[in-house]
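The block underneath contains the structure these notes are about, expressed in structure tokens.
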Amino acid sequence: MKRSWPWNGAVDVISSDDSSSSDDEIEVYGRVDHKKSSINGPVSISAKEMTSQDMVIKRAEMYQEYMKRIPVPVQCDSVIPFTSWTGLGKSIKQLYGQPLHYLTNVRLRQWDQQRIGSEDENTSLDVMIHPCKAEATIWLLEELNRLTASHHHLAKLWQSDPMYPAFLDSIAPQL
């Protein structure tokens, strides 16, 4: 899907000589004007007016754009033994040298937590699920998250969870 407004990937800080105030202005491209419910062109806002919520939304947008650019592998290169979903996720990151999406990491942790208290809680997962099927499941989930997740949804989740950086892979660039 193409954007209707070009994205340069950076936020420009502009110092205005014309204005009587000494506030720095930040030019944000494609900012949504919630009052009119339409997407505008460049909008200048004061750096003081940019709230922490705006910063989280911007960070989530940059993260999602970065993740969309990473291609998902098309075939399973090897059989990876694993005991937990998060363990398989870590092995996949090491083997393929790319991060997993925040939402994928959260889902893997939830799947591991679902096993607590079950009768096969201590059974290795690769005995119950073939490693290639499990890896393919993770890559399918990863592709869905990379291509379809809304940065607004990510920002909302990040704002409600102060520990969200724990689920961002260190392979991803610092935002």
What's the separation between atom [atom1] in [X] and atom [atom2] in [Y], rounded to the nearest 0.5 Å?
X    : Y    : atom1 : atom2 : result
T137 : R107 : OG1   : CZ    : 13.0 Å
R59  : M55  : CZ    : CE    : 6.0 Å
W85  : Q110 : CH2   : CD    : 13.5 Å

Quick check: does any side chain N or O of [X] sit under 3.5 Å from a backbone N or O of [Y], one acting as donor and the other as acceptor?
X    : Y    : answer
Q98  : I92  : no
Q64  : S150 : no
T83  : L125 : no
R115 : S84  : no
N145 : L141 : yes

Criterion side chain to side chain contact (heavy atoms under 4.5 Å, CB included) on M62 and H151, from CA distance to verdict:
CA-CA 8 Å; M62 291 170 59; H151 68 277; over 6 Å; no
Measure the acute angle between the ring planes of Y63 and W158, then classify it against the limits of 30° and 60° as parallel, tilted or perpendicular.
perpendicular
Hydrogens and angles aside, do E61 and H152 bring a side-chain donor and acceptor to less than 3.5 Å of each other?
no
Would you say R109 has more than 12 foreign heavy atoms packed within less than 6.0 Å of its CZ?
no
Can you establish whether the number of heavy atoms outside E121 located under 6.0 Å from its atom CD is more than 12?
yes
I'd like to know whether W139 forms a side chain to side chain contact (heavy atoms under 4.5 Å, CB included) with T104, so could you lay out the CA-CA distance, the side-chain angles of the two residues, the decisive distance to 0.1 Å, and finally the verdict.
CA-CA 9 Å; W139 283 123; T104 302; over 6 Å; no
For V72 and L147, what are the C-alpha separation, side-chain angles and deciding distance, and is it a side chain to side chain contact (heavy atoms under 4.5 Å, CB included)?
CA-CA 10 Å; V72 172; L147 298 178; over 6 Å; no
